[in-house]
Amino acid sequence: MNLSPAFQSLATIASRLPFHLNETEHVNAAYRRWREQGEQEAKYVVELWTYCFVRRYFLYKFVRYSDRDYSADMDGLIETVYVKVQESQRTIADPARYAGWVSVVCRRAFLNYLRGRNLQVSLDQEKGAHLRAEDLHGDPGLVMEGLQQAIGRLPEFLREVAYLRFVEDHTYPEIGHLTGKPLPTIRSYVNKALAKIRSDPHFLAFISSF
Amino acid sequence: MWSSMEEKIRLYSQLSSEERADVEGYVEQHPEMASLLEEAKAFGALLQEARLLHADPPSDEALAYYVATRSITDRPLPASLHAAFDRIEARLANDPPLRARCEAIEHRMAALEAASDPAAQFEHLTGHTLHPVFEEASLSAPVAAGPVRPAGDRKPTQRLIRRLARWPVAAVIAVSLVVFGVLSIAGPLSQSEVERLAHAELSNIEATDLNLRSGAASSDRASSQALYQQSIPLLRKARAYTLGFIPGFDQAALIQATELLTRVVEQESDDSPLRSEANYLLAVVYMAQEDVAGAQARLQAVIAGSGWREAEATALHDALLTLSE
């Protein structure tokens, strides 16, 4: 996909990041360095990432609404969230969860915005401003990354089945076909993997920010 | 299959619709299990969210996320996103209606972006200055100036001579005021007095190539030194001549130098000589851009700072006050 001229302004900001927007371990590390050592270069990186992440979040949320021009609403919400992040970022208990925390701030702000507009569920086919289940979502890339890391920490014999079930959402018969394992084994592996992920301290810490 | 109903509730997200109805019926009869069921449902929702980008066919939200991420940066994707986007792109290649939906999303997103100014908003929110022209010069590019030597390598006499060489600057400024006052009666191609002062100051840049003590942490020190060193050739380049003899400025070089020096100021502590130097040079840049108020603010910061460049900053500040009267 070629970068459209319309995105050049935001791309200019993102190009200053020394890592991809979704490589959240780097921004978490930069945030920690700033919080603990006062590194100004790290602070700059955190500010760049925060702005780009917040803007991308509201871009892909607002693009779904096409009944009118939402650019002013979007810009206002971006500013509100960025200021909120700046005001509260020193209160984060675990610096390693900075990216997840920003994602939560974005999601809550978007939900408050939708509620503030007194939205009703609409039967109209036009993609107007009505509440959808996906409006409750945070950043899907972040959540996917957290889950895949948790799957990577599972015992090896569970990983393939866990990935096919939890990430790719295959049915049990499909997994059986792909892996050659019998259905009772697959069901047992899925249950074991789920129990282990739910008690994974790293994953629990990750989702606690959600 | 489940050792207990409690285990079955925990696995709610993996149950069939009939099994879920069974669980919900049980919880209605045993309300003490309601919180466990809510927790299991929330976990299920999280798993659903994690699967969003792998869903086949991709939803509008997945496509929007894909478009937004691809439009902002062309950096290599992290592994987890790579697999998901590969699947989306493979599907787009073979599904014209899906491709049309994706293009519609891209057009609407471009329209949203076109109605905004992210760079201006970023500058407003963070106080950082972004200059699009600066993108042509990479921070990682090697600097034409010589290697950076620790201050201790210089002999004491050499350092003393460099410091004493600055003192005549005040006299030069005073003389320049008289000379430039005469030249001000020239035609429309003449510069303003402030610009002429800036032009004269930039000529002094060639005479100095400093390695200053930095007040920043060791990792920031290298960065600040590198940023300052990269600004020097830009400031030299900024002093330009039109038609070979009409003094002027290379605005692009000024903007790039501003970006570098501003970062030095932000990284260095208040008592850092390097910060004072950067502020002094920024004052000169602002003068070249006829931003007298901005120049005076920078000079005041130098005067209140480490003592480095204090005499020169005082003389220049007084000169600007005289010109504004």
Side-chain angles (χ1 to χ4, degrees), chain A residues 1 3-4 6-7 9-15 17 19-23 37-41 44 47 51-52 55-56 59-60 62-64 66 69-71 74-75 78-79 82-83 86 134 136-138 140-141 143-148 165-169 187 190-191 194-195 198 207 210, chain B residues 1-2 7 10-11 13-14 43 45-47 49-55 59-62 64-65 67-78 80-81 84 105-106 108-119 121-122 124-126 128 130 132 135 216-217 219-220 223 263 266-267:
Chain A
M1 168 179 277
L3 293 182
S4 161
F7 296 99
S9 183
L10 182 55
T12 296
I13 304 169
S15 68
L17 275 174
F19 48 82
H20 192 277
L21 193 59
N22 279 67
E23 292 181 303
Q37 298 158 36
E39 278 188 28
Q40 292 303 302
E41 184 71 22
Y44 183 62
E47 286 172 338
Y51 181 82
C52 291
R55 190 161 189 100
R56 179 186 64 176
L59 256 181
Y60 77 80
F62 274 99
V63 76
R64 307 281 311 284
S66 56
D69 178 14
Y70 284 93
S71 56
M74 185 181 78
D75 273 349
I78 290 168
E79 178 156 344
Y82 189 88
V83 169
Q86 290 293 98
E134 53 266 34
L136 301 173
H137 290 165
V143 182
M144 184 179 67
E145 177 72 26
L147 178 63
Q148 291 194 27
R165 178 68 176 170
F166 301 142
V167 178
E168 297 192 354
D169 199 25
R187 203 173 181 100
V190 166
N191 293 346
L194 191 62
R198 290 193 62 174
I207 63 174
F210 291 86
Chain B
M1 186 180 301
W2 299 280
E7 186 192 357
R10 290 186 194 282
L11 296 169
S13 63
Q14 305 307 307
F43 195 81
L46 197 68
L47 290 181
E49 189 173 335
R51 284 196 286 266
L52 180 79
L53 298 176
H54 277 269
S59 63
D60 277 359
E61 183 174 7
Y65 189 86
V67 169
T69 304
R70 280 297 202 194
S71 297
I72 290 171
T73 176
D74 53 5
R75 277 192 183 278
L77 293 166
S80 60
L81 213 53
I105 288 170
E106 189 183 347
R108 288 207 302 273
M109 202 174 284
L112 269 174
E113 273 295 271
S116 302
D117 188 346
Q121 189 180 45
F122 175 81
H124 164 68
L125 289 171
T126 66
H128 294 299
L130 292 170
E135 293 305 309
S219 59
D220 288 343
S223 176
R263 291 184 64 192
E266 287 170 350
Q267 285 175 191

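Model, not experiment: these values are computed from the prediction. Letters go in sequence order (proteins before strands), and every chain restarts at 1.
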Between [atom1] on residue [X] and [atom2] on residue [Y], distance to nearest 0.5 Å:
| X | Y | atom1 | atom2 | value |
| --- | --- | --- | --- | --- |
| A:T12 | B:I72 | OG1 | CD1 | 12.0 Å |
| B:L81 | A:Q148 | CG | CD | 9.0 Å |
| B:L52 | A:D169 | CG | CG | 11.0 Å |
| B:L112 | A:F7 | CG | CZ | 8.5 Å |
| A:M144 | B:L53 | CE | CG | 5.0 Å |
| A:E41 | B:E266 | CD | CD | 9.5 Å |

Which atom pair, heavy atoms only, marks the closest approach of [X] to [Y]?
| X | Y | result |
| --- | --- | --- |
| B:A68 | A:Y60 | CB-CB, 4.2 Å |
| B:A110 | A:A6 | O-CB, 3.5 Å |
| B:P118 | A:R55 | CG-NE, 3.4 Å |
| A:V167 | B:R51 | O-CG, 3.3 Å |

Are the side chains of [Y] and [X] in contact, using a 4.5 Å heavy-atom criterion?
| X | Y | result |
| --- | --- | --- |
| B:L11 | A:L194 | yes |
| B:S116 | A:I78 | no |
| B:T69 | A:L21 | no |
| B:E113 | A:L59 | yes |
| A:F166 | B:Q14 | yes |
| A:F62 | B:R108 | no |
| A:N191 | B:R10 | no |

| request: Pick one of side chain, backbone, both or neither for B:A84, based on which atoms fall under 4.5 Å of a heavy atom in chain A. | output: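 B:A84 touches chain A through side-chain heavy atoms alone.
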| field | Toward chain A, the part of B:F43 with a non-hydrogen atom under 4.5 Å | value |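 Side chain only.
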| said: Looking only at heavy atoms and a cut-off of under 4.5 Å, which of A:M74, A:E79, A:E23 has the most pairs with chain B? | reply: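 Maximum pair count with chain B is reached by A:E79.
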| task | Flag the one option from A:N22, A:V83, A:D69 with the top tally of heavy-atom pairs under 4.5 Å to chain B. | result |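 Looking at each option in turn, the highest pair count goes to A:N22.
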| request: Output yes when a side-chain donor or acceptor of B:R75 lies under 3.5 Å from a complementary backbone atom of A:L17, and no otherwise. | output: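 Yes, B:R75 side chain to A:L17 backbone: donor-acceptor pair under 3.5 Å.
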| message | Checking side-chain polar atoms at under 3.5 Å, does A:Y51 have a donor or acceptor matched by the opposite partner on B:Q121? | response |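 Note: A:Y51 and B:Q121 side chains meet the donor-acceptor criterion.
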